[in-house]
Amino acid sequence: MLDLTYRPRRLRTTPAMRALVRETTLQVEDLIYPLFIVPGTGVKEEIPSLPGQYHLSVDEAVNMAKEAHALGVLGVEIFGIPTYKDEQGSSAWDMEQPVQQAIMAIRKEVPELVVVSDVCLCQYTSTGHCGCVENHEVLNDETLPLLAKVAVSHAKAGAHMVAPSDMMDGRVAAIREALDEAGFTNVSIMSYAAKYASAYYGPFRDAVHSAPEFGDRKGYQMDEANRLEAMREIELDIREGADIIMIKPALSYLDIVREARDNFDYPLAVYNVSGEYAMVKTAAAQGLVDEKRIVLETLLSMKRAGAKIIITYHALDVARWVR
Ligand SMILES: [Zn+2]
């Protein structure tokens, strides 16, 4: 029982005193920076829906990766826009496409950086869905070998870690098996284990041109009302071979993050998604909030909830602020 003579303010008297009793810290080592790769060379174009973020050709992505590394950021996650789309999404495993080329180039030019690759089909399919489609239905088991092919192509290009974001059932097991068969036993899997069908992804879809042609993603991404189901999703992915589990989005799902932290002793990541970023940037641009303080407080809350890794568009700014 707390003694009523206890005065909490005693431990808040000076900056040093507060630092001594601080329970959670945000460090540059927690951050992964997403990169959007497009075809061409010399391309660095700001993404209208994500101010301060860019569509980058491979050469410019290497420069950005160098900058991230110089700031102390440990990893980048690669997303891409291919030169062609088809029904199957076959550009997703084409070694000549921007993603595979960027992975190769970054591994060569910035060897210390951890290279994570997003594994999905929605940027590559003509339907904009995360799997094969038949009669307006996204098929699960038919999609798994395609995702496995994508993951193996990223591993061949040199990715340290693949990150399946599609939410098909059984995809972590399919990817693990394919990686192992191809000899990539050391390539790890960070699964988007609990990925909700969230409105917070809006700006990202503009960034990668992946809005679905029909319907929505609620048939495979999670219902935002569900908490217990998230624990089942995470448990499944761990049993299938995930090395790191991720919860996406971050900010509106910190209860899920805390529950995952309490239930599973695996490294936990969150994706601080495009809508979260865009809200802060818009409010800051209008002078309504102090951007630095809001961002640091928001990301710290993700750490406090139990995440270790934060995938965030703020990574380079935060790296400058917390050094
Ligand atoms: Zn997708």
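Atoms within a ligand are numbered from 1 in the order they appear, just like the ligands themselves.
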Shortest non-hydrogen contact from Ala230 toward Met222: N-CE, 3.6 Å
Total protein N/O/S atoms whose distance from the Zn ion (ligand 1) is less than 2.8 Å: 3
Residues that Glu77 engages under salt bridge (Lys or Arg N to Asp or Glu O under 4.0 Å), provided they are two or more places apart: none
Gln286: side-chain contact (heavy atoms from CB on, under 4.5 Å) partners, not counting sequence neighbours: Thr282, Leu288
Plane angle bin for Phe36 and His55 - parallel if under 30°, tilted between 30 and 60°, otherwise perpendicular: perpendicular
Ile234, Ile309, Ile247 screened by side-chain contact (heavy atoms from CB on, under 4.5 Å) with Leu268, the one that passes: Ile247
Contacts of Glu229 that satisfy side-chain hydrogen bond (donor to acceptor under 3.5 Å, both in side chains) - sequence neighbours left out: Asn226
